[in-house]
Amino acid sequence: MKNRNKTVWGDRFKNPTSKIFEQFGASIDVDKRLFEEDISGSIVHTQMLVKQKIIDKKKGKKIIFGLRKIKNEIVKNKFFFNKKHEDIHLNIEKRLFEIIGPDAGYLHIARSRNDQVITDFKLWIKKSSKEIIKKLNDLMKSFLIKSQNNIYTVMPGFTHLKNAQPVSFAHYLLAYVEMFKRDKKRFSNSIEYVNECPLGVGALAGTSFNIDRVFVSRKLGFKKPTNNSIDTVSDRDFALDFLSAASICAVHISRLAEELIIWNSDIFRLIKFNDKMLTGSSIMPQKKNPDPAELIRGKAGETFGKLQAMLTTMKGLPLSYFKDMQEDKKLVFDCYDTLLKSILVANELIKNMHPNKSRMLALANEGYTTATDFADYLVQHKNLSFREGYKISAKLVSYAEKKGKKLNELSLNEIKKVKKDLNYDVMKIFDVKNSVKSKSSYGGTSIKNIKKMILKLKKEIK
Ligand code: ARG
């Protein structure tokens, strides 16, 4: 038992580590999550040491046997994680000694925890970025289904949260698909950035052993080995990339949540949620509150905090490794857990959200939303400049406002007060459905565009 608790560096130290620091400095509770990556890295490292004849086959076999056994123990919850050994790397090494004896000491030839930890972490970030991409795909599919069912649902589009122009609800939803598509790309890029293998740079200077870094890199699924040993152990850009991709994605989720909360409010009443996505009040019996949407909006702040924390940790560090960097994993793991769950909740919200179509149509007619269409009509049919058309349309809005009428409630004679030579043809301009149909420029809200876009996106998002 005594030996079990001895640190790797114990022989050189007069006193054991302070108990207080032992607790404070250990990262095992956090980085045990890297056990699979750590063991894969160690197995490939051993295979390389054997291939390069740095250690003999027998030792290699023994080490790999021990590592596989440890993996099995961890998976089966039979592994004792010891804070005395700080982190996942030393915990596994210590256990390897217990299982195979002194030959375990050959595993750490030509590597350091400095290159080991980033290899594990990069492998984990790759895996986890792929998981986020998968969940983003599922979310986008739900958006596509909702869009498909709402191509003809007309709602008021807003700027400044004031009614602006009529749009199709499907078009509005597809805007979010574009946002999440960009997020997906950011996470794919983040995978690209982690694609260089750190293993073999040692503590910071490289190694005198004749190692084969290309072999290790290929076997672990990286594109190539990193170029500079000092940069390699100093670099946490990949963690920052992940956190920043996550933060931007969290911005999108938060904006979506905010939008849903507003639409669901008693004042807007543009959508309803299935009771599954609402909670009650302990005092007000009538209440149904959109807590899930509120919480994913709230959690975005936590995600930005992780990015800020990581940026601050890195900004003052000279090259190369410092213990400060150990904080990177907690930040990224927490961020991942929160983001993944937020994406799942966002998906549930979209699946369980139902537009109030009649209310949407009624509101689309409020706020003179076809005033721009009228100005455009005057340009297209009466040979006016846009500014002239704009002025005449503004006059009509003022007139309607004074009369307490909506634009589509005005008679032809009333409309003619602002421009004499108009005929019945102009009346269609004040129909919000016509307005939506007319926005056929690429990327606009016309029904034809939306149908095409849904088909395109369906092929893209599989
Ligand atoms: N647990 C450490 C970390 O995550 C591993 C690297 C330790 N390296 C060292 N030189 N103390 O940063």
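As the structure lists them, so they are numbered: ligands from 1, and atoms in each ligand from 1.
Near Lys329, the atoms of ligand 1 lying under 4.0 angstrom from a non-hydrogen atom of the residue are 3 (C), 4 (O), 12 (O). Close contacts of ligand 1 with Gln326, meaning ligand atoms under 4.0 Å from a residue heavy atom, involve 1 (N), 2 (C), 3 (C), 4 (O), 12 (O). Annotation for ligand 1: atoms under 4.0 Å from non-hydrogen atoms of Ser27 are 1 (N).
In terms of protein heavy atoms, atom 10 (N) of ligand 1 is closest to Asn114 OD1, 3.1 Å. If you check which protein heavy atom lies closest to atom 6 (C) of ligand 1, you get Tyr321 OH, 3.5 Å. If you check which protein heavy atom lies closest to atom 11 (N) of ligand 1, you get Arg113 NH2, 3.4 Å. Nearest non-hydrogen protein atom to atom 5 (C) of ligand 1 is Asp87 OD2, 3.5 Å.
Between Trp124 and Phe35, the distance from one ring center to the other does not fall under 6.0 angstrom. For an aromatic pair to be called close, the ring centres must be under 6.0 Å apart, and Phe273 with Trp263 fails this.
Put simply, no part of Gln116 is less than 4.0 Å from ligand 1, judged by heavy atoms.
Atom NZ of Lys437 has 12 or fewer neighbouring heavy atoms from other residues, nucleotides or ligands inside a 6.0 Å radius.
In this structure, Lys126 satisfies the cation-pi test against Phe222, with its NZ or CZ atom closer than 6.0 Å to the six-membered ring centre and inside 45 degrees of the ring normal. For the pair Lys329 and Phe121, the cation sits on the ring face: its NZ or CZ lies under 6.0 Å from the ring centre, inside 45° of the axis. The cationic atom of Lys433 (NZ for Lys, CZ for Arg) does not lie both less than 6.0 Å from the six-membered ring centre of Tyr152 and within 45° of the ring axis.
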